[in-house]
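What's counted below: heavy atoms across the whole structure, side chains too, no hydrogens, waters or symmetry copies.
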Amino acid sequence: ALASRPVEPLALPAILPEFEPTRATLHAYALVVGAVPRAHAERLPHWWHAGMLLSPEGLATAPVPLPDGATLRLHLDLVRHEIVVAVGDDVVEHLDMRRGVPATALAAELFAVTARLGLADDYDRLRFENDDPRPYDPVAARTYHAAFSAAETVLARHRAWLEGRAAGNGLGAIHVWPHHFDMSFEWYGDREVVLEGESYPSQLNLGFDPTWEPYFYSNPWPLDPSLVGSPLPHGAMWHTDGWQGTLLPYENVRRGNAVVMVTDFARAVFELAEPTL
């Protein structure tokens, strides 16, 4: 069965083309901030420790243990437009994102703080160092926060539906991933896929990518080629150039009932893909 109509439709903000430079800045800064838990947080399955969680103010990292037993958290605050470094309940540093400093310079500032807190400089700089100027528009930043917040609402609805259909490997949490600066979660199937000697569970994600032509996506892995071209609702389409899966344009969703459209889309892909996973 497809989703029932919610009592109140969910409004999605307009993501304008002129916002793209700020999105690229947020992506660059998320890579810098995300390097700290990637190097120092407790390792979790499927790299969950490297994902960021949505908060009322922005995006927060996983907790990072410090040598003295305290806990560090980093926060991209998209309300006050600063990177907040907190130890326990105490804020120890604010780095203003509106300055537009390059990612390399931001990393030097942030890692000077984390070094004072006792963390080793164990960062893979090839992932984030870049000397490009970083434009920052506070209106655009708030819009991306609003878009992630709306997306989390619809992703959470589908995730709740999947809880009764979880396979042996379960469900992931909803994260914003610094690597691509997109939001998603994963449903894990019962199949095991061996790649280069490592075993991985089959999976199906549901996510939101806010890039310059935003879209929702759902990608079965591995993708059974026989699924490609199967009918999808609400203008959704199959994508096989570069990455394989399905997408539903954000603008389609924004003009309609977001919860119904994304849920219909996600359930349609699940019902197609689940027998293969």
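The shortest non-hydrogen separation linking L272 to T276 is O-CG2, 4.4 Å. Closest approach of A173 to F185, counting heavy atoms only: O-CB, 3.3 Å. For the residue pair A147 and Y250, the shortest heavy atom distance occurs at CB-OH, 3.9 Å. In plain terms, the two heavy atoms of A41 and P63 that are nearest each other are CB-O, 3.6 Å. Between Y144 and P210 the shortest heavy-atom distance is CE2-O, 3.6 Å. Pairing each heavy atom of P222 with each of L277, the nearest pair is O-CD2, 3.8 Å.
A 4.5 Å side-chain heavy-atom check between M52 and P178 finds at least one atom pair inside the cut-off. The closest side-chain heavy-atom distance from T71 to L66 is not below 4.5 Å. Here the side chains of L206 and N219 are not in contact, with every heavy-atom distance at 4.5 Å or above. Contact annotation: the side chain of V36 approaches that of L119 to within less than 4.5 Å [non-hydrogen atoms, C-beta and beyond]. Here the side chains of W238 and L223 are in contact, with some heavy-atom distance below 4.5 Å. Side-chain contact between N252 and H234 is absent, with no heavy-atom pair separated by less than 4.5 Å. In this structure, the side chains of T114 and Y123 come closer than 4.5 Å at one or more pairs of heavy atoms. A 4.5 Å side-chain heavy-atom check between F19 and T143 finds at least one atom pair inside the cut-off.
Note on I174: it clusters hydrophobically with W187, by side-chain heavy-atom contacts below 4.5 Å among ILVMFWY residues. Cluster annotation: L110 is connected to M97 through the hydrophobic network of ILVMFWY side chains, with a link wherever side-chain heavy atoms come within less than 4.5 Å. Note: the hydrophobic cluster containing V253 also contains I15 (ILVMFWY, side chain heavy atoms under 4.5 Å, direct or indirect links). By the criterion of side-chain heavy atoms lying less than 4.5 angstrom apart, applied directly or through intervening Ile, Leu, Val, Met, Phe, Trp or Tyr residues, V64 is grouped together with V113 in one hydrophobic cluster. Hydrophobic clustering (ILVMFWY, side-chain heavy atoms < 4.5 Å, transitive): L53 and F148 are in distinct clusters.
For the atom pair OG1 of T61 and NE2 of H49, the computed distance is 11.5 Å after rounding to the nearest 0.5 Å. How far CG of L74 is from CG of L59: 12.0 Å, rounded to the nearest 0.5 Å. Taking CE of M261 as the start and CZ of R255 as the end, the distance is 8.0 Å to the nearest 0.5 Å. Put simply, CZ on R157 and CG on L155 are 12.5 Å apart, with the number rounded to the nearest 0.5 Å. In this structure, CG on L106 lies 12.0 Å from CG on N130, to the nearest 0.5 angstrom. Remark: E192 CD to E198 CD distance equals 11.5 Å, nearest 0.5 Å.
When only modelled atom types and interatomic distance are considered, S226 and D224 share a side-chain donor-acceptor pair under 3.5 Å. Residues T22 and D137 bring no donor and acceptor atom of their side chains to less than 3.5 Å of each other.
Judged by distance alone, the side chain of S184 and the main-chain N or O of N205 form no donor-acceptor pair under 3.5 Å. With hydrogens and angles disregarded, a donor-acceptor distance shorter than 3.5 Å links the side chain of S230 to the backbone of L227. Counting only distance, with no hydrogens or angles, the side chain of H40 and the backbone of A120 share a donor-acceptor pair below 3.5 Å. The backbone N or O of L31 lies less than 3.5 Å from no partner atom in the side chain of H179, so there is not a single donor-acceptor pair.
For F128 and Y29, the gap between ring centers reaches or exceeds 6.0 Å.
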Next on the checklist: One pair to check against side-chain contact (heavy atoms from CB on, under 4.5 Å): V176 and D182. What are the steps and the verdict?
Outcome noted: CA-CA 5 Å; V176 172; D182 61 336; over 6 Å; no
Item to check | Working for side-chain contact (heavy atoms from CB on, under 4.5 Å), residues T211 and F181 | outcome: CA-CA 9 Å; T211 192; F181 201 60; over 6 Å; no
Next on the checklist: Run the side-chain contact (heavy atoms from CB on, under 4.5 Å) test on V79 and R142 for me, step by step, so that the C-alpha distance in whole Å, both residues' side-chain angles and the decisive distance to 0.1 Å come before the verdict.
Outcome noted: CA-CA 6 Å; V79 175; R142 287 193 294 269; 5.8 Å; no
Checklist entry - Which is it for Y188 and H46 under the side-chain contact (heavy atoms from CB on, under 4.5 Å) test, yes or no, and what are the steps along the way? => result CA-CA 11 Å; Y188 295 99; H46 311 295; 3.3 Å; yes
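Residue pairs that meet the salt bridge (charged side-chain N to carboxylate O under 4.0 Å, His left out) test with at least one member in residues 76-89, sequence neighbours left out, are D77-R80. Residue pairs meeting the salt bridge (charged side-chain N to carboxylate O under 4.0 Å, His left out) criterion with at least one partner in residues 102-124, sequence neighbours excluded, are E93-R116, R99-E109, D121-R125, D124-R127.
Ring geometry, H158 versus W161: the interplanar angle falls under 30°, so the pair is classed parallel (tilted spans 30 to 60°). Ring orientation note: the planes of W48 and H175 are close to parallel, at an angle under 30° on the 30°/60° scale.
Here R98 pairs with D96 under the salt bridge (charged side-chain N to carboxylate O under 4.0 Å, His left out) rule; sequence neighbours left out. Looking at residues two or more places apart in sequence or on another chain, you find no ring-ring contact (aromatic ring centres under 6.0 Å, His included) involving H75.
Grouping Ile, Leu, Val, Met, Phe, Trp and Tyr by side-chain contacts under 4.5 Å, direct or through others, puts L247 with Y215, Y217, M237, W243. Taking Ile, Leu, Val, Met, Phe, Trp and Tyr as hydrophobic and joining them when side-chain heavy atoms fall under 4.5 Å apart, one finds W221 in a cluster with V193, L195, Y200.
Electrostatic pairing of E163 and R159 counts as a salt bridge here, judged by a charged N lying under 4.0 Å from a carboxylate O.
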